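Predicted model only: the values in this text are computed from it and were never measured. Hydrogens, waters and symmetry mates play no part in the numbers below; they use all other heavy atoms, side chains included. Position 1 is the first residue of the sequence; numbering continues from there.
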Amino acid sequence: SDSYLRPKTMRVLADAFIQRRMNSQPYLAVHWRYESDWLDMCKDSRPKGARDRNRAICNLVNGLDNDQATRDMFINNIKAKMAAYGLQSVYLASPPNNIELIRLLNNAFPGNFFFMDDIYKFANETFWPGFLSNNYIASFVEQEVCFKSKFYMGAPLSSWTQSVLVDRLARNIEDHESALEVVTAG
C-alpha cells in the first residue's frame with residue numbers, strides 16, 4: 001500500500017544509507033526504547049502495580065548496564081534471530097543516551113552495527129551538515145530504516161514501534177517480534 005509513506009526526502013536518505021553504508025545487505029532492526037526515561041517507571045515512588053508490571057523490563061534494562069549474564073543473553077538471542085534469517089548486520093533505533101547498549105552491540109557486531117550516529121554522518125556528507133538536526137526528520141529516517149529491515153524487533157507499547165509495524169503490515173511484511181520477547185527468550 002502506498003497510502004502510508006514518509007516524506008520522500010526521508011525515504012531517499014534511508015534508501016541511500018542502506019545502499020551505501022549497509023551495502024544493500026538484509027539486516028535486523030531493533031527499536032529499543034528502554035533507557036533512563038523508561039527507568040523512571042522502576043522508581044519506588046511509582047505505584048506498586050506499575051512497578052510490578054514493569055519489573056521484568058526494569059531488571060533487563062538495569063542488567064544490560066551491569067550484569068554480564070544479562071548482556072550475554074541479550075546478544076546471544078539477537079545472534080540466534082539473525083542466524084535464523086541469515087542476517088549479518090544490526091541497526092539500532094534508540095535514544096542516544098543508551099551508551100552502554102550502543103557499546104555492547106558495537107562490540108558484538110564489529111563492522112556490522114549501525115545506529116543514528118551513522119545516519120547523521122552520512123546525511124552530513126551526502127545532503128548537508130545539520131540536515132538531521134530536527135528530531136522529527138531524524139525519527140522519520142530511522143523509522144524508514146526499520147521499516148526496510150528483513151526482521152524488525154520493536155518496543156512494545158511504543159507509538160514509534162507501532163508506526164513501523166503499521167507500515168510493514170500494510171505491505172504484508174510480517175517478520176517482526178517484540179524486542180523484549182526476543183532478548184529474554186530462553
Side-chain angles (χ1 to χ4, degrees), residues 1-42 57 61-62 64-65 74 78 87-171 173 176 178-180 183:
S1 167
D2 288 336
S3 58
Y4 181 76
L5 295 173
R6 287 173 196 83
K8 185 174 183 177
T9 307
M10 312 307 104
R11 296 190 323 261
V12 167
L13 176 57
D15 287 342
F17 176 79
I18 293 165
Q19 181 182 42
R20 292 169 39 196
R21 289 297 191 264
M22 300 179 81
N23 299 316
S24 297
Q25 297 297 312
Y27 57 95
L28 178 137
V30 180
H31 178 222
W32 190 259
R33 186 62 187 97
Y34 310 105
E35 81 299 330
S36 56
D37 289 347
W38 172 263
L39 291 177
D40 185 58
M41 299 300 293
C42 307
I57 297 171
V61 172
N62 286 320
L64 286 173
D65 284 345
F74 187 93
I78 289 177
L87 307 174
Q88 299 297 317
S89 297
V90 176
Y91 183 85
L92 174 70
S94 177
N97 60 346
N98 266 341
I99 301 300
E100 286 304 314
L101 180 59
I102 291 167
R103 285 184 186 139
L104 176 68
L105 290 168
N106 194 39
N107 289 335
F109 304 99
N112 290 309
F113 170 69
F114 303 90
F115 69 115
M116 192 66 207
D117 278 5
D118 298 305
I119 294 178
Y120 278 128
K121 290 174 194 168
F122 182 78
N124 287 343
E125 294 165 8
T126 58
F127 281 67
W128 61 85
F131 176 73
L132 292 178
S133 60
N134 178 302
N135 286 341
Y136 293 106
I137 293 172
S139 183
F140 275 143
V141 173
E142 265 199 320
Q143 284 181 339
E144 188 72 11
V145 170
C146 287
F147 157 68
K148 301 250 179 178
S149 66
K150 172 77 174 171
F151 192 87
Y152 177 61
M153 293 170 37
L157 306 178
S158 162
S159 58
W160 197 98
T161 281
Q162 294 307 310
S163 293
V164 174
L165 286 176
V166 164
D167 202 4
R168 290 172 69 90
L169 292 172
R171 290 165 180 83
I173 305 170
H176 62 268
S178 158
L180 293 174
V183 300

Discussion item. Tell me whether Ser94 contacts the main-chain N or O of Trp32 through its side chain, where contact means a donor paired with an acceptor under 3.5 Å.
Written reply: yes

Worksheet item: Which residues pass the side-chain hydrogen bond (donor to acceptor under 3.5 Å, both in side chains) test with His176, sequence neighbours left out?
Response: none

Discussion item. Could you walk me through whether Ile78 and Met153 satisfy the side chain to side chain contact (heavy atoms under 4.5 Å, CB included) test, starting with their C-alpha distance in whole Å, then the side-chain angles of each, then the deciding distance to 0.1 Å, before giving a yes or no?
Written reply: CA-CA 9 Å; Ile78 289 177; Met153 293 170 37; 4.1 Å; yes

Fill in: Where at least one partner belongs to residues 88-119, residue pairs that pass ring pair (Phe, Tyr, Trp, His ring centres under 6.0 Å), sequence neighbours excluded
Phe113-Phe115

Practice prompt. Mind checking the CD-CZ spacing from Glu144 to Arg6? Nearest 0.5 Å is all I need.
Written response: 5.0 Å

Item to complete: State, to 0.1 Å, how close Ser149 and Arg168 come at their nearest heavy-atom pair, and which atoms those are.
Response: O-NH1, 2.9 Å

Fill in: Under 3.5 Å donor-acceptor, Ser163 side chain and Ser159 backbone
yes

Worksheet entry | For Phe140, ring-ring contact (aromatic ring centres under 6.0 Å, His included) partners two or more places apart | none

Worksheet item: Do you know the tightest heavy-atom contact between Thr161 and Ala155?
Response: OG1-N, 2.8 Å

Response to the item:
Leu13 and Ala123 have their tightest heavy-atom pair at CD2-CB, 4.0 Å

Fill in: side chain to side chain contact (heavy atoms under 4.5 Å, CB included) between Gln88 and Gln25, worked out
CA-CA 8 Å; Gln88 299 297 317; Gln25 297 297 312; over 6 Å; no

Discussion item. For residues 115-135, which residue pairs pass the side-chain hydrogen bond (donor to acceptor under 3.5 Å, both in side chains) check, not counting sequence neighbours?
Written reply: Arg21-Glu125

Worksheet item: If you look only at pairs with a residue in residues 128-139, which of them pass as a salt bridge (charged side-chain N to carboxylate O under 4.0 Å, His left out), with sequence neighbours excluded?
Response: none

Worksheet item: Among pairs that include at least one residue of residues 144-170, which meet ring pair (Phe, Tyr, Trp, His ring centres under 6.0 Å), considering only residues two or more places apart or in two chains?
Response: His31-Trp160, Tyr85-Phe151

Practice prompt. Would you give the length of the straight line joining atom CD1 of Ile18 to atom CD1 of Ile119, rounded to the nearest 0.5 angstrom?
Written response: 8.0 Å

